[in-house]
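Each remark here refers to the structure printed beneath this line.
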Amino acid sequence: MSLQRLYLLLEETGLIGLTNKNVTLTKEFLSNNNIDYIQLQELLAQHKWKEADIETTKLMLKVMNKNYWNEVYKEDIDNFSCQDLHTIDQLWEQYSYGYFGFSIQQTIWSEMGGQVDYETEKRLGDRLGWRKEGNWLDYEQLTFKLSPMTPMGHLPAKWLQYDQHSFDLSPQSSTEHLSMGAWRVRSWLVWQMHLFFSRAKSCNETFQCVNCTFVNNRKN
């Protein structure tokens, strides 16, 4: 089903605008690192997409026990907790009706070949709506709402955007005045995307394997 058809259906049934404030974190949304996801859940439930995007980036750093993105190395992403990754991804998926989250981004990246090169990154940027007419959009130009025109996988996006001289992740952060292209021309960020989507794919396969085993055991 296209986003436009889904959006119209949700609008007709009165589901658009619901905040899901009464939804509680189940054990599938628990963290292996004692990280509190309540704030992220509340922001997503209220469809405060930009604030949730920024909160997601903060949580990702906490999972890796880092303060800034320039402290993150390959081994940190390779060992990113699958449980926490799954938690963040499921929250995004749940509150965006399946249109935002790491899983959809990783799936699209894999469909494009999952290569470690700038051309793949540009094509991914075009597909996710991070580029327009051949140019990377500024962070403020991204679409922080769920609408028929919002590309699948458009958010979260802040985790790929930082300036090594400015680590303030508040909504008024000066990093937002730099183009997404300014971050992405550095080879490390291409690798960061590749490593993280590779980790997301590995974690998804792990969870699928666990779920299949659980179902088979119940049948037996």
Side-chain angles (χ1 to χ4, degrees), residues 3 6-7 10-11 13-69 72 80-106 128-130 137-163 166-178 180 183 196-197 200 203-204:
L3 178 57
L6 175 62
Y7 186 88
L10 293 171
E11 193 173 47
T13 56
L15 292 178
I16 287 293
L18 292 183
T19 61
N20 297 318
K21 289 182 179 179
N22 294 325
V23 176
T24 57
L25 285 175
T26 62
K27 62 181 180 180
E28 72 172 310
F29 291 147
L30 296 179
S31 168
N32 284 337
N33 298 289
N34 297 317
I35 294 176
D36 186 358
Y37 287 102
I38 298 298
Q39 176 68 11
L40 175 60
Q41 183 188 30
E42 290 179 348
L43 291 171
L44 289 170
Q46 298 173 55
H47 290 183
K48 294 183 177 180
W49 305 115
K50 182 178 180 180
E51 292 84 352
D53 193 15
I54 294 170
E55 176 67 12
T56 294
T57 302
K58 294 178 180 179
L59 290 171
M60 292 173 70
L61 287 172
K62 287 182 179 179
V63 170
M64 295 182 287
N65 196 29
K66 302 294 182 180
N67 294 314
Y68 307 117
W69 281 103
V72 175
F80 196 99
S81 165
C82 283
Q83 181 65 61
D84 289 285
L85 178 59
H86 182 68
T87 296
I88 296 171
D89 187 43
Q90 288 297 297
L91 285 170
W92 274 94
E93 181 178 332
Q94 174 178 318
Y95 290 103
S96 67
Y97 312 105
Y99 275 81
F100 293 152
F102 298 129
S103 290
I104 184 62
Q105 292 175 344
Q106 178 267 311
L128 300 183
W130 297 344
L137 299 180
D138 292 334
Y139 186 71
E140 289 294 324
Q141 294 176 300
L142 298 184
T143 303
F144 297 104
K145 63 180 180 180
L146 191 64
S147 75
M149 301 304 294
T150 308
M152 290 185 67
H154 190 63
L155 297 173
K158 188 72 174 176
W159 65 279
L160 273 173
Q161 303 159 25
Y162 71 94
D163 173 27
S166 178
F167 300 107
D168 178 15
L169 292 176
S170 67
Q172 288 75 38
S173 169
S174 62
T175 64
E176 295 176 355
H177 300 295
L178 296 176
M180 296 180 76
W183 286 297
F196 189 74
F197 284 153
C203 288
N204 286 336

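Note that the structure is predicted; figures quoted are calculated from it, not measured. These values consider heavy atoms only, across backbone and side chains, with no hydrogens, waters or symmetry-generated copies.
Distance CG/L85 to CD/Q90: 10.0 Å, rounded to 0.5 Å. Rounded to the nearest 0.5 Å, atoms OG (S81) and CD1 (I35) are 7.5 Å apart. Taking CH2 of W130 as the start and CD of Q105 as the end, the distance is 4.5 Å to the nearest 0.5 Å. Distance check: K48 NZ to F144 CZ gives 15.0 Å after rounding to the nearest 0.5 Å. For the atom pair T56 OG1 and L40 CG, the distance stands at 4.5 Å (nearest 0.5 Å). Once rounded to the nearest 0.5 Å, the distance linking CG of L91 with CD of E55 reads 11.0 Å.
The distance between the ring centers of W92 and Y37 does not fall below 6.0 angstrom.
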Please determine whether side chain to side chain contact (heavy atoms under 4.5 Å, CB included) holds for the pair F100 and Y95, giving the CA-CA distance in whole Å, both sets of side-chain angles, and the decisive distance to 0.1 Å. CA-CA 8 Å; F100 293 152; Y95 290 103; over 6 Å; no
Pair N204, Q106 - check side chain to side chain contact (heavy atoms under 4.5 Å, CB included), show working.
CA-CA 10 Å; N204 286 336; Q106 178 267 311; 3.5 Å; yes
| request: List the steps and the verdict of side chain to side chain contact (heavy atoms under 4.5 Å, CB included) for L61 and V72. | output: CA-CA 8 Å; L61 287 172; V72 175; 4.1 Å; yes
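Contact record, L128 with M152: CD2-O, 3.4 Å, taken as the closest heavy-atom pair. What you find for P151 and G129 is that their closest heavy atoms are CG-CA, 3.8 Å.
Residues P156 and D53 have side chains in contact (heavy-atom distance under 4.5 Å, counting atoms from C-beta outward). Side-chain contact between W49 and L44 is present, with at least one heavy-atom pair separated by less than 4.5 Å.
Within a 6.0 Å sphere centred on NZ of K66, other residues, nucleotides and ligands contribute more than 12 heavy atoms.
Of the candidates F80, F196, F197, F196 is the only one forming a ring-ring contact (aromatic ring centres under 6.0 Å, His included) with F102.
Not one N or O on the side chain of D138 forms a donor-acceptor pair closer than 3.5 Å with the backbone of E140.
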